[in-house]
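Written out below as structure tokens is the structure these notes cover.
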Amino acid sequence: MTVNSPEQLAQTLESAGYLADEGVATAAFLALRMQRPLFCEGEPGTGKTSLAVALSRSLELPLIRLQCHEGIDAAQALYEWDFPRQLLHLRALEAGSESLDVEAAEQSLYTERFLLARPLLKALTTAPCVLLVDEIDRADDEFEAFLLQLLDENAVTIPEYGEVRAEQPPLVILTSNRTREVHDALKRRCLYHWLEHPDLAREVAILRRRLPGIGERLATQVSVAVRRLRELELLKPPGVAESLDWAQALLALGREELDVEAAARTLGAVLKYTEDMERVRAKLDALLA
């Protein structure tokens, strides 16, 4: 799909259920047009991961996701050799030949047949696609350095196999919750955007779009209450996902408005720590005033 402006991209994203503001739509459009990775930072629940999912759906591109974690390495992110199949292949060669050509046998082990592609390699061979590198701040410095060739050249080198280069660069979205600072070398290769929580009107619109059965009054009450929760010093302030969960829980109970009794019964949909729940329960009257 060809997108000619940020406004058109915003409309396209809306068709996938993602209501992008002007800043998000512009950043994503420039990433598409300039074929540059987009580095998205922001508090948890501001829609960073959802943006990549919505781009995949709205642009009708495959989504390939790499979930980062502490200790992730190239074998988990890029490729592995299928050692059991290689061993079976080697035994079959030995059984079928009285004079085995060792060099030819060795070369036959390192072919695409035995290559297990992990997310980064899949993105290079599947492109065009959307590659989501989620929560890059959870990975370590060495893994960041490993990503640089891929972001620079849309290619990786496998020693036993050779270079794998994307015919068309994937649309790369990197996300970070800023649990640590990502190095400048990685940021320099990307366009950057900081995602804020949506304003009140946009959050109401998101609830009404994602939950067609919700009334405007309940959507507004939930959005206002969540915004007030974000102003408290909570261990885990709620994001848009928690707003949706809270509203859906209220609808499941047949509620048409948010009162103190309904809020107390459903706090587990919006708060995830008992300390936060205890603190908020004592302030429900003020929260919903």
Side-chain angles (χ1 to χ4, degrees), residues 17-19 40-54 65-72 132-140 174-182 194-289:
Y18 189 95
L19 302 183
C40 296
E41 276 192 322
E43 297 295 327
T46 51
K48 304 180 294 295
T49 300
S50 298
L51 172 61
V53 174
R65 178 173 180 169
L66 174 64
Q67 179 63 53
C68 297
H69 56 80
E70 185 177 354
I72 189 171
L132 169 61
V133 183
D134 212 8
E135 298 184 322
I136 183 64
D137 53 319
R138 291 181 178 271
D140 54 27
L174 301 100
T175 75
S176 168
N177 294 327
R178 210 171 190 179
T179 58
R180 71 169 178 87
E181 287 293 335
V182 173
W194 175 269
L195 277 78
E196 300 279 359
H197 288 292
D199 59 28
L200 179 60
R202 187 172 297 277
E203 190 146 11
V204 171
I206 291 170
L207 292 181
R208 300 204 69 189
R209 178 61 185 267
R210 298 286 294 274
L211 301 172
I214 195 171
E216 184 171 358
R217 175 176 173 79
L218 181 57
T220 302
Q221 288 177 322
V222 169
S223 298
V224 169
V226 168
R227 289 177 67 81
R228 290 175 178 171
L229 288 173
R230 290 174 187 149
E231 294 170 358
L232 302 177
E233 294 183 2
L234 300 178
L235 294 173
K236 172 64 173 68
V240 175
E242 285 75 29
S243 298
L244 288 163
D245 285 346
W246 202 9
Q248 193 169 13
L250 292 163
L251 288 174
L253 293 175
R255 300 285 182 160
E256 296 182 356
E257 64 177 75
L258 180 62
D259 54 28
V260 172
E261 188 264 339
R265 291 179 63 186
T266 56
L267 273 182
V270 69
L271 300 176
K272 308 303 180 181
Y273 288 89
T274 184
E275 297 90 339
D276 289 346
M277 295 177 70
E278 290 173 0
R279 182 176 183 185
V280 170
R281 279 198 181 98
K283 299 182 178 182
L284 278 179
D285 287 331
L287 183 74
L288 302 178

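This is a predicted model, so every value here is computed, not measured.
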Practice task
For atom CZ of R228, decide whether the heavy atoms of other residues, nucleotides or ligands shown that lie under 6.0 angstrom number more than 12.
Solution key: yes

Completion exercise
Rounding to 0.5 Å, atoms CD (Q67) and CD1 (I136) come to a distance of 10.5 Å

Exercise for the section: Using atom types as modelled and distance alone, determine if a side-chain donor or acceptor of R265 lies under 3.5 Å from a backbone N or O of L250. Expected result: no

Fill in the blank from the handout: In this structure, CZ of R65 is separated from OG1 of T175 (nearest 0.5 Å) by 8.0 Å

Problem - Atom CZ of R255 with >12 non-hydrogen neighbours under 6.0 angstrom - result: yes

Practice task
Start with the C-alpha gap between I72 and H69, add the side-chain angles, then the distance that decides, and say whether side-chain contact (heavy atoms from CB on, under 4.5 Å) holds.
Solution key: CA-CA 6 Å; I72 189 171; H69 56 80; 3.9 Å; yes

Exercise for the section: Starting at NZ of K272, measure out to CG of L235 and round the result to the nearest 0.5 Å. Expected result: 14.0 Å

Handout entry: Crowding at CD, E256 (>12 non-hydrogen neighbours, <6.0 Å)
Key = no

Exercise for the section: Could you grab the distance from atom OG of S223 to atom CZ of R202, nearest 0.5 Å is fine? Expected result: 12.5 Å

Problem - L287 CG to L229 CG distance, which is reported to the nearest 0.5 Å - result: 5.0 Å

Practice task
Can you see which heavy atom on N177 is nearest to which on E135, and at what distance?
Solution key: ND2-OE2, 3.1 Å

Practice task
Examine distances only and state if a side-chain atom of K48 and a backbone atom of W194 form a donor-acceptor pair shorter than 3.5 Å.
Solution key: no

Exercise for the section: Could you pull out the closest heavy-atom pair between M277 and L271, with the gap in Å? Expected result: CG-CB, 3.8 Å

Practice task
For the residue pair E203 and S243, establish whether any side-chain heavy-atom pair is separated by less than 4.5 Å.
Solution key: yes

Problem - Contact check, side chains of V222 and V270, non-hydrogen atoms, under 4.5 Å - result: no

Practice task
Verify the neighbour count for atom CD of E216: are there more than 12 heavy atoms of other residues, nucleotides or ligands below 6.0 Å?
Solution key: no

Practice task
Could you tell me whether the side chain of Y18 and the main chain of G47 form a donor-acceptor pair under 3.5 Å?
Solution key: yes

Problem - K283 versus L232, closest heavy-atom pair with distance - result: NZ-CD2, 4.3 Å

Practice task
Determine yes or no for a side-chain-to-main-chain donor-acceptor pair under 3.5 angstrom, with D137 supplying the side chain and T179 the backbone.
Solution key: yes

Handout entry: Heavy-atom closest contact (K236 atom, D276 atom, distance)
Key = N-OD2, 3.1 Å

Handout entry: NZ/NE/NH1/NH2 to OD/OE distance under 4.0 Å, E242 and R230
Key = no

Problem - Minimum-distance pair of heavy atoms, taken over all atoms of A219 and L207 - result: O-CD1, 3.5 Å

Handout entry: pair E196-T46: side-chain heavy atoms closer than 4.5 Å
Key = no

Problem - Euclidean distance, L258 CG relative to R217 CZ, rounded to 0.5 Å - result: 9.5 Å

Handout entry: E275 with R279: basic N within carboxylate O range, under 4.0 Å
Key = no

Practice task
Kindly give the heavy-atom pair with the smallest separation between G213 and L251, and that separation in Å.
Solution key: O-CD2, 4.1 Å

